[in-house]
**Q** 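Below you'll find the structure I mean.
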Amino acid sequence: MFPTPRLPACPNARIPAKRHETLTGTCPYDPPEAIVDHRHLTPQEFDLLVDGEEGFGMAPLAGHIEECVTCRTELEAQQRLVGALDKMPHFTPSPLFAYRVMRQVQVFEPWHVTAVNSIQRFVPRSRPARVLAAGVAGIVATTLTLGTIWLASRLDAVAFLVTLAAERMRALGSQAVSGFVSSALGQNGLAVSSDTRIALAATGFLAAVAISAFGLRAIAAASRRRRM
Amino acid sequence: MPEPRTLDLQNLPDADVVLLAQRGREDAFRELVRRYERPIFSLIYRMVRDRETSEDLAQDTFIKVLNHIDRYSPEFRLSSWLFKIANNVAIDYLRKRQISTISIDGSPHAASAAEVEATSFDVRAPQENALEELEARELGGAIERAIAALRPEYRSCIMLRHVEGRSYEEIAATLDLPLGTVKTYIHRARHQLREALGGERE
């Protein structure tokens, strides 16, 4: 007769036992007023009520609670426990807790943020100054664009000038390196370094070291400034 | 535009504060610690029941999370990540130190029914009555003692559910447990708490 025959009938229900709407479906023979479940609630159903669940299937449970003193008493006891649990306070750690945590946290500013911030420092704050800076930047960009187009239309002349400048720079660089090597290592060292490939490799290595050192220093300085 | 230095971090949601932390803002890190130091410390404190150890473990939790803040994915809640790490740190500590938490269900390590029986105890007094009125302070103390007697897994579920107000789904995701297991743990924990509190009131 009942949808859950293993459960005992509720002795405190005021409505007599009969076919009615169940948790798993609606009996087609139910009279419309019979929405109350005439059996004691299961532990899972108590959990649903205690957790304040709403929606499909809850109305019969609420209806049963209205009718059944035993289940209502049980629900109230569970709600008191949950109410007391909900009121449990947070504990506070010692005042130095945050300091001790921050002492061991590695705050690191990513390189792209540093780069963007470094550029943004040059952007004027006032609106007229920003408009002026934008105008100047526009003129410069236009000039450079026109210049690039003009140079592109005369590639042979550009190639000649670049080759000439490169030759000149190489001669100057070679002269400077030879002077440095001869003063530091003497004539023997100069003879070894006269090989162009060795000279170029040494120069490139020194340049890379210098650029790396300056770059890392700039990033570290920017990060320090940011943290302060 | 760069974010203003005087930005009121307290009014920003977690995801925005994390974003600032990922950009290297130290005050954003401080804000995250300020927001979660009490919840994280409370969870761990109720797990290990020792203030000094709890502070150390909470500190470890924050350091693990904040030093890997660049790995944070905004599709998850930061608090869930923090609670997950905190719970793991506390459970690891309890396992390492072999702290014998008293379970009224018997030892969680019991291999047989006889061992469970041997390690369990009944907290219900023979003359248990239904008196419900206790001073809030006493009830608080009784609840803390009852929670201390729960298994660690039950304890963390109860803490997340009732102290932190998390849904069952969030607890399942935080603790890497199936949803059904979380519901079972919380149901059993409440049942044990009621029994234990019944004993306390005697």
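Computed over heavy atoms, backbone and side chain alike; hydrogens, waters and symmetry mates excluded. The structure displayed is predicted, hence computed values, not measured ones. Chain A is the first sequence line, chain B the second, and so forth, proteins listed ahead of strands; every chain is numbered from 1.
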**Q** Are the side chains of B:His162 and A:Met88 in contact, using a 4.5 Å heavy-atom criterion?
**A** no
**Q** Using a heavy-atom distance cut-off of less than 4.5 Å, which residues of residues 208-215 of chain A contact chain B?
**A** none
**Q** Can the ring centroids of B:Tyr45 and A:Phe91 be said to lie less than 6.0 angstrom from one another?
**A** yes
**Q** Nearest 0.5 Å, what's the CG-OG1 distance between A:Asp47 and B:Thr184?
**A** 9.5 Å
**Q** Are B:Asp56 and A:Arg100 close enough for a salt bridge, meaning some N to O gap below 4.0 Å?
**A** no
**Q** To the nearest 0.5 Å, tell me how far A:His112 NE2 sits from B:Arg23 CZ.
**A** 9.0 Å
**Q** Given side chains that start at C-beta, do those of B:Tyr168 and A:Asp51 come closer than 4.5 Å, heavy atoms only?
**A** yes
**Q** Could you tell me whether a side-chain N or O of B:Glu37 sits under 3.5 Å from a main-chain N or O of A:Pro93, the two making a donor and an acceptor?
**A** no
**Q** Side chain, backbone, both or neither: which part of B:Ile147 has an atom under 4.5 Å from a heavy atom of chain A?
**A** side chain
**Q** Give the member of A:Phe46, A:Tyr99, A:Phe97 that has the highest number of heavy-atom pairs under 4.5 Å with chain B.
**A** A:Phe97
**Q** Among A:Thr73, A:Val116, A:Thr92, single out the residue with the greatest number of heavy-atom pairs under 4.5 Å to chain B.
**A** A:Thr92
**Q** Relative to chain A, which segment of B:Ala58 carries a heavy atom at a distance below 4.5 Å: side chain, backbone, both, or neither?
**A** both
**Q** List the atom of B:Gly24, the atom of A:Val107, and the distance in Å for their closest heavy-atom pair.
**A** O-CG1, 3.3 Å
**Q** More than 12 foreign heavy atoms under 6.0 Å from CD of B:Glu52: is that the case here?
**A** no
**Q** Name the member of B:Arg30, B:Met159, B:Arg46 that forms the most heavy-atom pairs with chain A at distances under 4.5 Å.
**A** B:Arg46
**Q** Got a sec: does the CZ of A:Arg170 have more than 12 other heavy atoms crowding it under 6.0 Å?
**A** no
**Q** What closest approach, in Å, do B:Arg190 and A:Leu81 show between heavy atoms, and which atom pair accounts for it?
**A** O-CD2, 3.4 Å
**Q** So A:Leu85 and B:Val163, do their side chains get closer than 4.5 Å, heavy atoms only?
**A** no
**Q** Under 4.5 Å heavy-atom distance to chain A, tell me which part of B:Glu164 shows up: side chain, backbone, both or neither.
**A** side chain
**Q** Using only atom types and a distance under 3.5 Å, with no angle test, would you say the side chain of B:Arg38 pairs donor to acceptor with the backbone of A:His90?
**A** yes
**Q** Which region of B:Ile69, side chain (C-beta onward) or backbone (N, CA, C, O), has a non-hydrogen atom less than 4.5 Å from a non-hydrogen atom of chain A, or is it both or neither?
**A** neither
**Q** Tell me, please, which residues at least two apart from B:Lys183 pass side-chain hydrogen bond (donor to acceptor under 3.5 Å, both in side chains).
**A** none
**Q** Please walk me through it: do B:Arg194 and A:Glu74 pass side chain to side chain contact (heavy atoms under 4.5 Å, CB included)?
**A** CA-CA 11 Å; B:Arg194 278 192 64 203; A:Glu74 170 66 16; 2.5 Å; yes
**Q** Any chance you could measure A:Met102, atom CE, to B:Gln59, atom CD, to the nearest 0.5 Å?
**A** 12.0 Å
**Q** Strictly distance-based, threshold 3.5 Å: is any side-chain N or O of B:Asn67 a donor or acceptor partner for the main-chain N or O of A:Val105?
**A** no
